[in-house]
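One structure is given here, and the rest of the page talks about it.
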4 protein chains.
Amino acid sequence: MAGSVNKVILIGNLGADPEIRRTQDGRPIANLRIATSETWRDRNSGERKEKTEWHSVVIFNEGLCKVAEQYLKKGATVYIEGQLQTRKWQDQTGNDRYSTEIVLQGFNSTLTMLGGRGEGGGASRGGNDFGGGGYDDYGSAPSAPSRSGGASSGRGASAPSGGFSRDLDDDIPF
Amino acid sequence: MAGSVNKVILIGNLGADPEIRRTQDGRPIANLRIATSETWRDRNSGERKEKTEWHSVVIFNEGLCKVAEQYLKKGATVYIEGQLQTRKWQDQTGNDRYSTEIVLQGFNSTLTMLGGRGEGGGASRGGNDFGGGGYDDYGSAPSAPSRSGGASSGRGASAPSGGFSRDLDDDIPF
Amino acid sequence: MAGSVNKVILIGNLGADPEIRRTQDGRPIANLRIATSETWRDRNSGERKEKTEWHSVVIFNEGLCKVAEQYLKKGATVYIEGQLQTRKWQDQTGNDRYSTEIVLQGFNSTLTMLGGRGEGGGASRGGNDFGGGGYDDYGSAPSAPSRSGGASSGRGASAPSGGFSRDLDDDIPF
Amino acid sequence: MAGSVNKVILIGNLGADPEIRRTQDGRPIANLRIATSETWRDRNSGERKEKTEWHSVVIFNEGLCKVAEQYLKKGATVYIEGQLQTRKWQDQTGNDRYSTEIVLQGFNSTLTMLGGRGEGGGASRGGNDFGGGGYDDYGSAPSAPSRSGGASSGRGASAPSGGFSRDLDDDIPF
DNA sequence: TTTT
DNA sequence: TTTT
C-alpha cells in the first residue's frame, strides 16, 4: 500500500494501576485502561452531558513498560501515541472474538505523563511524584510483538525516583 | 475530566465501496472498511513482511456521508480523522459483544480523498473522478454523541439497531 | 490540491498570560506563547540536556478566545490543535519579514486545559480554577481564512494590522 | 516540563525537487518545500476560494534523506510527521532573523510517499514510479542535529527502484 | 474503572 | 517567557 498511516492520540486518565505481565523470554508487556471523556451542553434541555470512552492500551516497548510500571498509577493523566490493532481470539465456546487495542510498540509510539491525580505515593501536586527530570516524551524503540507469556507482576511498592533514560538513542534532542 | 483527547488518524484504502444506510428520520450513516498496512524487512531472514490492519469507520456527519457516497469507492485512498468508540451489542445468544469503531462526527472529524485506485466510475488517475474543487478537508460541526434510538440497520440481526440524532450543523462542508 | 492536511499538535506551557486584542468590529484575537521542551541524556557525557522551543499561537475562534481569556494564565499547561500559517510583514526598513504561527481558527482547532501551574487567581490545584463543566475540547466550526482588513493591533507598527472575518459558528463550544 | 508534545502533520505536495546537502562529516540533510492548500466557498459571493500555505521541511534523519533523494520529486504528495523548530540567524546587515521549520529527526518522525504528480521518471499513475513495496512509513532514528556543512548534492538521475529498508529496527511490524 |  |  502506497503510504499508510495508523495513529491514535489519547489524553486521558488511568482507570486502574497498569498491569504488567512478562513474556516467557522476559520481555515486559503493560496494559493500561484509559478513560477519555467529552462534555457538552444539550441544545434543548440545556443540561450538561458527559460521555466516557474506555480504551485498552498495550505497551510492548520495554522502555515505556518501565515508565508505566514505575510512574503510572490509577488516576494518572497520560498522553499516548500508538496505533490501532484488532486482535482475534476465541472465547470459551470457541467462537471468534475481536478486541481492538491501542498498541505502543516501535517508533512513533509515545507515552508521556501529564500529571493528574494518581494514588498512593503521597503525591502532593497531583501525580508527578517523581524526582529529577529527563522523563519527557519517552520515545520507543521497536520490540518484539510477543503477546504470549505469563508471569504475573504485582506492582512494586517502589517509589518512583526520577531520572532514567530511553532505551535507545539517548543522546539526541529529538 | 480536565482535558481529554481521543483522536485517530488513518491513511489507508477502502476494502469495499462505502455502505450507506439511512435513519428513520432520513439522516445518512456511512460505513467504511479501511486497510492500513505496514511493511518491513525481517532482520534475520531478510524477507519482506507485510501486515494489514482493518478498521471500521462510521460517519455520522451528513456532509462527510455525501462525500463518501459520491466520491469514495473500493480502493480509494483516504485520510480520515475521527475518534475511537466502542459499542456494545448482543449476539444471537444474548452475549455481550463489543466493537470498536472510528467515528466521524462533530468537529475535529475529517475525511479527505487522497486518490488511489478506485474502481468503476471510469476514474482514470485514481479516484479523483469528481468535478470542481472545494472538496478538501470536509470539516464537521459539533454534534451530540447520542446513539440511542430507532431505525433498523442492515448490519445483521445482532448489530445494534441504528437511530441517533445530531444536534447541529450536519451538512456544512465548510 | 486533492487532499491536503496542515495540523499542529502541541502540549506545552504558557510563558506569559494570553494577550487579548480586539478587532474594530469587536471580534477577539488571542495570542499565546507556548513552550515545549525536550530532555535527553547525552550519550557521551551522560549529562542531562534540555532544549526548549517557543511557539506563537493565534486564536481567531471566538469561543476559544474566551477560554484563553478566562482560564489561561502564565504557566498553564495546554493541549492545542491548530494549523501552521506563515505571515508576511514589513519591518521598519521596509524589508519583508515572515512569521510562522499556529493558528486556531475554524473546525479542527482545539484548545484544552491540562492543568499546570498557572499564576494568580488562587488556583488551588494548578490552574483549573474555573467553575462548572462543559469546557473540554472547544471545537470550532469552519471559517474563512481571510486575514486582510482593518482593525489596528497592538503588536508593533510593522505587525500586520488585524481585522478579519469569520464565517460561522464562532462561539459554539460543542 | 511534565510532558511536552511538539508535533506537525502535513499532507501536501513538493513545490520543487528536494535539496540535499551534506554536513562536513558526511551526514545528509534534505530540504523540502511543501504546499498545503485549503479551499472553501465564500458564504456571501458563493465563489470558490483557495489558500496555499508553504512549509519548509528539514530532514536530518539519514534514512529519510535517502528516501527524499531517491523517490521524491517536485509535485509528489507526501505525508510527513515532524516537529516545529524556529532557527535564529543573521541577515546581511547583522539583524536577527527567525525561520520556522518542520524538522524530521529522531523517533516520531515520518515521511511517507502518497503518490501525486511528480516530474520526470516517466511516472505513469502519478509518482509511485517505484517497484515493489516496503517503503511505507519510514520511521526515523535519531541523528545528529548538525546544521552546518556544505557540500552540494545534485539529485542523481537514479531511477528509483523500490525495495529498501529503514535504517533501524527493520524486523518489527511496528 | 478514571477525571471534571 | 513556561515547565521539570
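- Put simply, C:Trp54 does not rest on the base of F:dT2: the two rings are not both less than 5.5 Å apart at their centres and under 30° in tilt.
- With E:dT1, F:dT2, E:dT4 as the candidates, the nucleotide lying closest to the side chain of A:Glu50 is E:dT4.
- Put simply, CD on A:Glu81 and CG on D:Asn108 are 5.0 Å apart, with the number rounded to the nearest 0.5 Å.
- Side-chain contact, C:Ser99 with C:Trp89: a donor N or O sits under 3.5 Å from an acceptor N or O.
- Rounded to whole Å, the distance from NZ on A:Lys73 to P on E:dT1 is 21 Å.
- Inter-residue side-chain proximity for D:Arg87 and D:Val58 is flagged as unmet; no heavy-atom pair is nearer than 4.5 Å.
- Looking at C:Thr52, its side chain comes within 3.5 Å of the base of F:dT2 through a donor and an acceptor atom.
- One interatomic measurement links the two molecules: NE2 of C:His55 to P of F:dT1, which rounds to 17 Å at whole-angstrom precision.
- A:Glu38 places its CD atom 14 Å from the C1' atom of E:dT4, with the value rounded to the nearest Å.
- With sequence neighbours excluded, no residue forms a side-chain contact (heavy atoms from CB on, under 4.5 Å) with A:Gln92.
- The side chain of C:Lys74 sits closest to F:dT2 out of E:dT2, E:dT4, F:dT2.
- One atom, OH of C:Tyr71, and another, C1' of E:dT4, lie 12 Å apart when rounded to the nearest Å.
- The side chain of A:Ser37 approaches E:dT3 more closely than any other nucleotide in the set F:dT3, F:dT4, E:dT3.
- Residue C:Met113 contributes atom CE, which lies 12 Å from atom C1' of E:dT4 at whole-angstrom precision.
- Side chain to side chain, D:Asp96 and D:Gln90 meet the donor-acceptor criterion of an N or O pair below 3.5 Å.
- Between the OH atom of A:Tyr79 and the P atom of F:dT4 there is a distance of 20 Å, rounded to whole Å.
- Distance, C:Lys51 NZ to F:dT3 P: 19 Å, rounded to whole Å.
- When each of F:dT1, E:dT1, E:dT4 is scored by its nearest atom to the side-chain atoms of C:Ala16, the top-ranked nucleotide is F:dT1.
- Rounded to a whole Å, the CD1 atom of C:Ile34 is 13 Å from the P atom of F:dT3.
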